[in-house]
**Student:** 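One structure follows; several queries about it will come next.
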Amino acid sequence: MTEAPSPADFIRDIIASDLENRVNNGRLQTRFPPEPNGYLHIGHAKSICLNFGVAAENPDGKCNLRFDDTNPEKEDVEYVDSIQEDVRWLGFDWEERKFYASDYFEPLYGYAEELILKGKAYVCDLSASEMREYRGTLTEPGRASPYQNRSVEENLDLFRRMRAGEFPDGSRVLRARIDMASPNMNMRDPALYRIRRVEHHRTGNAWLIYPTYDYAHGISDALECVTHSLCTLEFEDHRPLYDWILDQLDLPCRPRQIEFSRLSLEYTVMSKRKLNALVQSGRVSGWDDPRMPTISGLRRRGYTPESIREFCRCIGISKSPNRVEHALLENCLRSDLEARAPRTMAVLRPLKVVIDSLPEGYEESLTVPVHPQNEAMGKRTIHFTREIFIEQEDFRESAPKQYKRLVTGGEVRLRNAYVIRCREVIKDDDGAILEIRCEHDPATLNANPVGRKVGGVIHWVSATRCVTGQVRLYAPLFIVTEPDALKGDIVEHVNPDSIEILTGCRFEPALAEMTDSLSYQFERLGYFHRDRDSITGHPVFNRAVSLRDAWSKIAQSL
RNA sequence: UGGGCCGUCGCCAAGCGGUAAGGCCCCGGAUUUUGAUUCCGGUAUACCCAGGUUCGAAUCCUGGCGGCCCAGCCA
């Protein structure tokens, strides 16, 4: 897949202009800063594509991976591992630049003492709830903490004792001294450090006090000499604080924060809290459940890195609120796989067909293309036999004239093989169809029948030369376009029909040999991805996305 | 009734004073042994609304309206 260049957007415009004006001596440094408290989702992919993408587009641009691990209560190595795997899988490389905010705990502490020395920070003994009261509201200014005017010496002493573990958790915080009357809540003396006796996944028990995001992020950016710190819109109100902190300190570099709107996608949720709730509740099988919007879920579902990158390119970068249609994501996968997925035939819901015009035990090997539009992908062998399976929905005893598949007495083309005509329908005592009896037209292999037109083509698999396995079909996790607006526990709103497991599906034997690919087009059905639950002789496939289906629209209007 | 941000086709999204790009969706039609793909063609006299400036405004000004975010010792 040839990748189209990302179109310009307001952030790329700013960067191009900064580069041209040599704002950072012509340097470009970005960073992708996930908190390791959950798995990455497609919203993160947008940020990854932006940060790594913009760096790759410029000659000396670099993008760091930085784990924003300042809150040990929620973080875990499981997440740092999965995040790295996902970023790599998406096709991006941080080279030797993998960092952790926890790498900076010592310098961060030093800068905090510097703030104290400058009279810009103080130790506050207010409890969390008292602090909330003192903060005021959106429309009323806050009041100064009674501890706001402690001496530098006392603050320094107290802060050092906070570090030394002399005070209980939550009893004191270090706060910035800014403006309790600011209309921006973030500027009302925000907390910089809190006491938490929690083991950190990297620093262990070395620290009892941990910096807050607002304090650590800008300094981390500056220490890494990040030039453009790209984040989502909800941090817009934090920018004055980000700048304030950088302004007080003597740092090697001066990064600039720029915000863009986060991604929302129809029929799913994106918050890690809600995704975690889905996992914990058991409503999905895990973070990589193919219905999840996580990178690992999409990967298991059958999405390719190329398709996700293309999606991120298509949605663009802006500041407007958005909710992207699911159809766009699907389109990106289809267009990627259309070009390169090997074709095969599979029957999901088998209906037996006996071709009476063929002798018992008849078998004919047919050599057919792996991809009809791409000869270079080679050939595969399929087996035409007296007994075959077709899709149950490809046969009807009677049907409207728009129905182009097999009907009693009618003809249809078996894809890659012959035209057959249905002679008889065999039913059980309850009237359920057991099998159908057909005859084939031997003159129709690679040739059109003479004197009549056969409009329909259906797929099939030999009943005697096939492998049996499982297919999982998926529907959206939620049936409403905006599940975030749903009341109550999100877990209760999961679409019970979001997964359908089909057993007894039949596949071409050649499928077992085509091991160089994990993604296939099952002709007329969609793109399917071999799941890791497959075992030898019993494949399991997930349907990543169906093919566009004009018939379903016609059928609905009938 | 504090502050910040946003409002261009059903959904994304260009546009940066000179007379509305593109993609997705949708609708026609052609080709087709995948009702797929591909290919042609169609789809905003209109840019949240109302005034104003200008020869000329989606773009500038004023005033409205609507939406999102912020009162964690989360990020």
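Everything numeric here is computed off the predicted structure, so don't read it as measured data. In what follows, every chain begins at residue 1, and chains take the letters A, B, ... in the order their sequences are listed.
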**Student:** Ignoring hydrogens and angles, does a donor from either the side chain of A:Arg524 or the base of B:U34 sit under 3.5 Å from an acceptor on the other?
**Tutor:** no

**Student:** How is A:Ala339 classified with respect to the nucleic acid when contacts are heavy atoms under 4.0 Å: base, sugar-phosphate, or nothing?
**Tutor:** nothing

**Student:** Tell me which nucleotide, if any, is Watson-Crick or G-U wobble paired with B:C11 when both distances must be under 3.5 Å.
**Tutor:** B:G23

**Student:** Counting only Watson-Crick or G-U wobble pairs whose two distances fall under 3.5 Å, which nucleotide matches B:G51?
**Tutor:**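 Base partner found: B:C61.
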
**Student:** Of all the nucleotides listed (B:C73, B:C25, B:A14), which has the minimum atom distance to the side chain of A:Val173?
**Tutor:** B:C73

**Student:** What is the distance, rounded to the nearest whole Å, between atom CD of A:Glu330 and atom P of B:C25?
**Tutor:**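 About 10 Å, once rounded to whole Å.
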
**Student:** What is the base-pairing partner of B:G66, counting Watson-Crick and G-U wobble geometry with both distances under 3.5 Å?
**Tutor:** B:C6

**Student:** For A:Asp13 and A:Thr137, take the nucleotide of RNA chain B holding the closest heavy atom to each; which residue's nucleotide lies nearer the 5' end?
**Tutor:** A:Asp13

**Student:** Hey, does the Lys NZ or Arg CZ of A:Arg31 hover above the aromatic six-ring of A:Phe99, less than 6.0 Å from the centre and inside 45° of the axis?
**Tutor:**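 No.
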
**Student:** Nearest-Å distance, CD (A:Gln521) to C1' (B:G35)?
**Tutor:**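 That distance rounds to 13 Å.
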
**Student:** Assess the residue pair A:Arg12 and A:Glu57 against the criterion (salt bridge (charged side-chain N to carboxylate O under 4.0 Å, His left out)); give the C-alpha distance rounded to whole Å, side-chain angles, the decisive distance to 0.1 Å, and a yes or no.
**Tutor:** CA-CA 10 Å; A:Arg12 275 177 244 255; A:Glu57 289 159 18; 2.5 Å; yes

**Student:** Tell me what A:Lys404 touches on the nucleic acid: a base, only sugar-phosphate, or nothing, going by heavy atoms under 4.0 Å.
**Tutor:** base

**Student:** Touch check for A:Leu265, heavy atoms < 4.0 angstrom, all strands: base, sugar-phosphate only, or nothing?
**Tutor:** nothing

**Student:** When rounded to the nearest Å, what value does the distance between P atoms of B:U45 and B:U38 take?
**Tutor:**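 Result for the P pair: 29 Å, nearest Å.
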
**Student:** So what does A:Gln402 hit on the nucleic acid, given a heavy-atom distance under 4.0 Å: a base, only sugar-phosphate, or nothing?
**Tutor:** base

**Student:** Run through A:Arg413, A:His440, A:Glu364 and flag the one making a side chain to side chain donor-acceptor pair (under 3.5 Å) with A:Tyr418.
**Tutor:**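 Of the listed options, the one satisfying the test is A:Glu364.
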
**Student:** Relative to the 5' end of RNA chain B, which residue comes earlier, A:Pro33 or A:Phe522, by the nucleotide with the nearest heavy atom?
**Tutor:**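 Nearest-nucleotide comparison on RNA chain B picks A:Phe522.
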
**Student:** Choose from B:G7, B:C73, B:U34 the nucleotide whose nearest atom is closest to any side-chain atom of A:Glu523.
**Tutor:** B:U34

**Student:** Look at all strands and tell whether A:Ile315 reaches a base, only sugar-phosphate, or nothing, counting heavy atoms closer than 4.0 Å.
**Tutor:**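 Sugar-phosphate contact only - A:Ile315 comes under 4.0 Å of backbone atoms but never of a base.
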
**Student:** Ignoring hydrogens and angles, are the base of B:G3 and the side chain of A:Asp237 linked by a donor-acceptor pair under 3.5 Å?
**Tutor:**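 Check passes, donor-acceptor contact within cut-off.
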
**Student:** Is the side chain of A:Asp69 donor-acceptor paired with the backbone N or O of A:Tyr100 at a distance under 3.5 Å, no angle test?
**Tutor:** no

**Student:** Which part of the nucleic acid does A:Pro7 contact within heavy-atom distance under 4.0 Å: base, sugar-phosphate only, or nothing?
**Tutor:**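 Nothing, no nucleic acid heavy atom in range.
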
**Student:** If you look at every strand shown and take non-hydrogen atoms under 4.0 Å, does A:Asn448 touch a base, only sugar-phosphate, or nothing?
**Tutor:** nothing

**Student:** Applying the ring-ring contact (aromatic ring centres under 6.0 Å, His included) criterion to A:Phe507, which one of A:Phe541, A:Trp460, A:Phe389, A:Phe528 satisfies it?
**Tutor:**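 When A:Phe541, A:Trp460, A:Phe389, A:Phe528 are each tested with A:Phe507, the ring-ring contact (aromatic ring centres under 6.0 Å, His included) holds only for A:Phe541.
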
**Student:** Between B:G4 and A:Arg239, counting only base atoms on the nucleotide and side-chain atoms on the residue, is there a donor-acceptor pair under 3.5 Å?
**Tutor:**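 No pair found.
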
**Student:** Classify the side chain of A:Arg343 versus the base of B:U34 as yes if they form a donor-acceptor pair under 3.5 Å and no if they do not.
**Tutor:** yes

**Student:** Watson-Crick or G-U wobble partner for B:A46, using a 3.5 Å limit on both distances?
**Tutor:**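 None - no nucleotide pairs with B:A46, as no candidate has both distances under 3.5 Å.
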
**Student:** Using the six-membered base ring of B:A75, report whether A:Tyr213 stacks on it, requiring centroids under 5.5 Å and planes under 30° apart.
**Tutor:**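 Per 5.5 Å and 30° rule: no stacking.
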
**Student:** For atom CZ of A:Arg421, decide whether the heavy atoms of other residues, nucleotides or ligands shown that lie under 6.0 angstrom number more than 12.
**Tutor:** yes

